[in-house]
Amino acid sequence: MGVKERRTREKEQLRRQILAAARELFVNEGYENVSMRKIADKIEYSPTMIYLYFNGKADLLDSVCQETLLNLLNTFELLKKDKSDPVENLRKSGKAYVEFGLKYPQDYKLTFVVRPQYQKGLGLPEGSVGERVFNYLSAMVSECVRQKTFRQVDVEITGQALWSAVHGVTMLLIDFPDFPWTAKDKLIDTVIHTMIGGLKA
């Protein structure tokens with residue numbers, strides 16, 4: 001390995017180290033209680049070094065959340081390969097979304113609860129990972145309509161409604177673990193089945 005390749009690898013390793021430290025501190029201490037110095041102390045570098053990689057704490061939070069969304073998108077992409085039954089694919093995607101949130105609850109909350117509080121008005125920038133995640137859902141609804149397994153619906157509104165349903169059950173299961181829920185899988189399946197059932201042609 002040449003000097004240039006080694007330096008590139010070392011830079012990427014440090015960047016990932018910074019992100020991992022920031023994620024851990026945001027989760028354990030709360031975003032508002034974390035400073036750039038605290039992140040620097042955790043990885044035993046100076047704050048100046050972190051600023052060579054990130055513009056500030058908000059940029060760090062955004063980068064952590066973008067990683068989470070990219071992991072979620074990759075989960076969807078694996079399901080997308082099977083195009084035989086768009087309704088079943090949509091059902092599997094909805095379940096995969098909830099299971100992702102339950103597997104990574106802190107990352108999920110950072111992305112969908114904490115980040116919007118501190119980055120109001122950010123929305124879904126064109127070409128962003130967040131937009132690609134939502135477009136994936138909308139595209140699946142559109143395919144169900146095209147194949148006439150769904151009745152004619154407004155794809156954007158329907159996509160938002162489906163996201164509202166899976167996000168809602170995800171957050172409830174994360175925030176209220178001691179509630180006497182029925183079997184989680186049964187609850188998740190019922191929420192998704194109910195939504196999809198109301199859309200069928």
Side-chain angles (χ1 to χ4, degrees), residues 26-27 31 61-62 64-80 82 85-201:
F26 291 157
V27 166
Y31 175 78
L61 176 62
D62 186 59
V64 166
C65 294
Q66 292 303 315
E67 279 196 347
T68 299
L69 289 169
L70 187 57
N71 288 336
L72 177 58
L73 183 62
N74 289 337
T75 299
F76 284 158
E77 290 294 339
L78 291 175
L79 296 171
K80 190 178 180 180
D82 181 5
D85 186 341
V87 174
E88 179 61 13
N89 204 348
L90 183 59
R91 186 194 69 76
K92 287 180 179 179
S93 296
K95 188 162 187 176
Y97 180 99
V98 180
E99 289 174 345
F100 180 89
L102 297 181
K103 185 177 181 180
Y104 307 105
Q106 300 299 341
D107 287 342
Y108 186 88
K109 290 186 73 172
L110 278 177
T111 302
F112 293 103
V113 179
V114 175
R115 180 171 174 250
Q117 291 176 357
Y118 293 96
Q119 298 182 350
K120 289 181 171 61
L122 188 61
L124 290 175
E126 186 175 351
S128 68
V129 182
E131 183 188 52
R132 287 161 61 195
V133 169
F134 182 74
N135 284 348
Y136 172 89
L137 183 61
S138 296
M140 297 192 69
V141 172
S142 181
E143 181 62 16
C144 289
V145 172
R146 189 187 72 80
Q147 293 195 23
K148 301 188 185 323
T149 52
F150 280 3
R151 66 180 188 277
Q152 287 295 325
V153 294
D154 183 303
V155 171
E156 185 173 6
I157 292 174
T158 303
Q160 291 180 10
L162 287 168
W163 178 45
S164 298
V166 292
H167 174 68
V169 73
T170 303
M171 285 303 303
L172 285 170
L173 289 171
I174 290 173
D175 283 345
F176 299 99
D178 297 326
F179 184 83
W181 301 108
T182 60
K184 286 183 181 178
D185 282 346
K186 194 171 185 178
L187 174 64
I188 295 165
D189 287 342
T190 300
V191 169
I192 296 169
H193 176 77
T194 302
M195 284 295 299
I196 290 177
L199 297 167
K200 287 186 176 180

Chi angles and distances behind the side-chain contact (heavy atoms from CB on, under 4.5 Å) call for V64, Y31: CA-CA 12 Å; V64 166; Y31 175 78; over 6 Å; no
Go through it in stages, so that I can follow the logic: the residues are F134 and Q160, the test is side-chain contact (heavy atoms from CB on, under 4.5 Å), and I'd like the CA-CA distance, side-chain angles, deciding distance and then a yes or no. CA-CA 8 Å; F134 182 74; Q160 291 180 10; 3.5 Å; yes
Any side-chain heavy atom of [X] within less than 4.5 Å of one from [Y]?
X: Q152; Y: V145; result: yes
X: R146; Y: E143; result: yes
X: F150; Y: I196; result: yes
X: L110; Y: T68; result: no
X: N71; Y: T75; result: no
X: M140; Y: K92; result: no
X: Y108; Y: L102; result: no
X: L173; Y: F176; result: no

What is the distance from atom [atom1] of [X] to atom [atom2] of [Y], rounded to the nearest 0.5 Å?
X: I188; Y: R91; atom1: CD1; atom2: CZ; result: 11.0 Å
X: L137; Y: E156; atom1: CG; atom2: CD; result: 11.5 Å
X: S164; Y: I157; atom1: OG; atom2: CD1; result: 11.5 Å
X: L199; Y: T194; atom1: CG; atom2: OG1; result: 11.0 Å
X: L61; Y: Q66; atom1: CG; atom2: CD; result: 10.0 Å

Using modelled atom types and a 3.5 Å cut-off, is there a donor and acceptor pairing between side-chain atoms of [X] and backbone atoms of [Y]?
X: T149; Y: C144; result: yes
X: T111; Y: D107; result: yes
X: N89; Y: D85; result: no

For K95, the option from L90, V166, D189 that meets side-chain contact (heavy atoms from CB on, under 4.5 Å): D189
Exercise: identify the closest heavy-atom pair between [X] and [Y]:
X: Y136; Y: S93; value: OH-OG, 3.1 Å
X: K200; Y: V87; value: CE-CG1, 4.1 Å
X: M195; Y: A165; value: CG-CB, 3.7 Å
X: W181; Y: L172; value: CZ2-O, 3.6 Å

Between D175 and K109, is the side-chain contact (heavy atoms from CB on, under 4.5 Å) condition met? List the steps. CA-CA 10 Å; D175 283 345; K109 290 186 73 172; 2.8 Å; yes
Take the angle between the ring planes of H167 and F112 and call it parallel below 30°, perpendicular above 60°, tilted in between. tilted
Is the number of heavy atoms from other residues, nucleotides or ligands under 6.0 Å of E88 CD greater than 12? yes
Does a sphere of radius 6.0 Å around OH in Y104 hold more than 12 heavy atoms from other residues, nucleotides or ligands, not counting ones at 6.0 Å or beyond? no
Show the numbers, then the answer: is there a side-chain contact (heavy atoms from CB on, under 4.5 Å) between R132 and E77? CA-CA 11 Å; R132 287 161 61 195; E77 290 294 339; 5.8 Å; no
